[in-house]
**Q** 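Before anything else, here's the structure in question.
Below, chain A is the first sequence line, B the second, and so on; all start at residue 1.
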Number of protein chains: 2
Amino acid sequence: MPPPTPRNPAKPSGLDCRLAVLGSDVRLTPHRREVFDVLAGSTDHPTAYEILDRVKSRSPHISLATVYNCLDHLTSAGLIKLVHLERGQSRYCANLHEHVHFHCEKCGKVIDAHPAADFDPGKFWNLPAGTKIARTDLAIHGTCSACAAK
Amino acid sequence: MPPPTPRNPAKPSGLDCRLAVLGSDVRLTPHRREVFDVLAGSTDHPTAYEILDRVKSRSPHISLATVYNCLDHLTSAGLIKLVHLERGQSRYCANLHEHVHFHCEKCGKVIDAHPAADFDPGKFWNLPAGTKIARTDLAIHGTCSACAAK
DNA sequence: TAATGCAGTTAGAATCATTCTAATTCTAAA
DNA sequence: TTTAGAATTAGAATGATTCTAACTGCATTA
Ligand SMILES: [Mn+2]
Ligand SMILES: [Mn+2]
Ligand SMILES: [Zn+2]
Ligand SMILES: [Zn+2]
């Protein structure tokens, strides 16, 4: 007889292909997948509540608690990023390339901006020796070109 | 008889010397002054509640609402800065020099880091033409040297 | 197949930070 | 001294997020 397959609920097959690609070990359940797809299809850095609204068109019974659960799992798996721009609701971003956020103080728009090729944030800040950088969160606030033109 | 001095409650004399120096037009009342002094004497980026605790040793009857009011006035006057590092409580900073925040993910410490002399954040991010930068908020997350040594 | 175990999902309650409200006190001009 | 406006206060209200406890569904195990 064949030896029994060891049980390993953390690595199922099937739907979870995207996870293996990115080296993550979160299970991509249908809801997590929908939350991820909605965010990956958005460029406006939606809030949890906005994501709930968008996912509802496909899964009308999903709850806000599940959206938060999915966002937390996806964030700790490194599939998406959490963005804090101001007091109030957090925003989320599926752009994993190194980038920063420009926040227009007039219309509220949040757009991605990408660094010049030679940018190295560790070079420009006088941090004590031995400090290890895990990630940088830069938000640039100002007026977008559309608002500045008015 | 001398002509009556025109009334101008927004620009009183006396306690408010520090304001004139910085070109601000907020009245520096005793509570605002205490909140400012506590923050100026701190390097750890305290929260509103931590500031309340520290101010209470001088003014035992000050309320949290007043601390929030004072912090809002001082922030909009440009005397202090509001810092968002993560979900939850906001933090405040009285260091007005251009700098960024390093946040140790192990011990929670927040330290200031100052830019190299030639640093220009506008140069490194490909923002659309016409965009006007008002301010940048950069948080660097990682492990401080003390924690890294453990 | 039936029992088990565990992760996912859910609604609603609880918590926490912040803002608002309405009453009171203070300050400085008139 | 009177008055107007700002500051201060306690407590209520709000809003975002997290927690709790019950339930669901799938996959393993007997
Ligand atoms: Mn982004
Ligand atoms: Mn600082
Ligand atoms: Zn704009
Ligand atoms: Zn540390």
**Q** What integer distance in Å separates B:Leu64:CG from D:dA13:P?
**A** 18 Å
**Q** Rounded to the Å, how far apart are B:Leu28 CG and D:dA7 P?
**A** 11 Å
**Q** Okay, side chain of B:Asn126, backbone of A:His114: is any donor-acceptor separation there less than 3.5 Å?
**A**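 Pair found, side chain donor or acceptor close to backbone of A:His114.
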**Q** Rounded to whole angstroms, how far apart are CG on B:Leu74 and C1' on D:dA7?
**A** 13 Å
**Q** Quick one: A:His61 NE2 to D:dC23 C1', roughly how many Å, whole number?
**A**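 Computing the A:His61:NE2 to D:dC23:C1' distance gives 16 Å.
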**Q** Counting just side-chain N and O atoms, does B:Arg32 come under 4.0 Å of either OP1 or OP2 of D:dA7?
**A** yes
**Q** Check the side chains of A:His141 and A:His103 for a donor-acceptor pair under 3.5 angstrom, ignoring hydrogens and angles.
**A** yes
**Q** Atom CG of A:Leu71 to atom P of D:dA16: distance rounded to whole Å?
**A**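 About 15 Å, once rounded to whole Å.
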**Q** Looking at A:Cys107 and A:Cys144, what are the two nearest heavy atoms and their distance?
**A**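 Shortest heavy-atom contact: SG-SG, 3.9 Å.
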**Q** So, does B:Ser90 get its side chain near the phosphate of C:dT18, meaning an N or O under 4.0 Å from OP1 or OP2?
**A** yes
**Q** With the threshold set at under 4.0 Å for non-hydrogen atoms, list the residues of residues 41-55 of chain A touching DNA chain C in residue-number order.
**A**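 Contacting residues: none.
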**Q** Nearest to the side chain of A:His31, which nucleotide is it out of C:dT9, D:dT17, D:dG11?
**A**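 Closest nucleotide to the A:His31 side chain: C:dT9.
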**Q** B:Arg27 side chain: which of D:dT18, D:dA6, C:dT18 is closest?
**A**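 The answer is D:dA6.
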**Q** Give the minimum heavy-atom separation between A:Cys93 and A:His99, together with the two atoms involved.
**A** SG-NE2, 3.4 Å
**Q** Using the side-chain heavy atoms of B:Gln89, tell me which of these nucleotides is nearest: D:dA7, C:dT18, D:dT9.
**A** C:dT18
**Q** May I ask you to verify if any side-chain N or O of A:Arg87 is less than 4.0 angstrom from the OP1 or OP2 atom of C:dT19?
**A** yes
**Q** Round to a whole Å and report the spacing from NE2 of A:His84 to C1' of C:dA17.
**A**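 To the nearest whole Å, that distance equals 14 Å.
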**Q** Given C:dT10, is OP1 or OP2 found less than 4.0 Å from the side-chain N or O atoms of A:Thr66?
**A** yes
**Q** Taking only side-chain nitrogens and oxygens of B:Thr29, does any of them come within less than 4.0 Å of OP1 or OP2 of D:dT8?
**A** yes
**Q** In whole angstroms, how far is the P atom of D:dT20 from the CG atom of A:Asn69?
**A** 13 Å
**Q** Of the options C:dA11, C:dT18, C:dT9, whose atoms approach the side-chain atoms of A:Cys70 most closely?
**A** C:dT9
**Q** Is there a donor-acceptor pair closer than 3.5 Å between any side-chain N or O of B:Ser59 and the backbone N or O of B:Val55?
**A**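 Pair absent, no side-chain N/O of B:Ser59 close to backbone of B:Val55.
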**Q** Evaluate B:Arg54 against B:Asp44 for salt bridge (Lys or Arg N to Asp or Glu O under 4.0 Å), listing each step before the verdict.
**A** CA-CA 13 Å; B:Arg54 297 176 197 184; B:Asp44 61 344; 2.8 Å; yes
**Q** Are B:His45 and B:His101 linked by a side-chain donor-acceptor pair shorter than 3.5 Å?
**A** yes
**Q** Hey, does the side chain of A:His84 reach the backbone of B:Arg87 with a donor-acceptor pair shorter than 3.5 angstrom?
**A**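 The answer is yes, because a donor-acceptor pair under 3.5 Å joins these two groups.
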**Q** Would you mind reading off the distance between B:Asp72 atom CG and D:dA7 atom P, rounded to a whole angstrom?
**A** 12 Å
**Q** If the cut-off is 4.0 Å, is A:Tyr68 near the phosphate of D:dT18, judged by side-chain N/O to OP1 or OP2?
**A**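 For A:Tyr68, the contact criterion (side-chain N or O under 4.0 Å from OP1 or OP2 of D:dT18) is not met.
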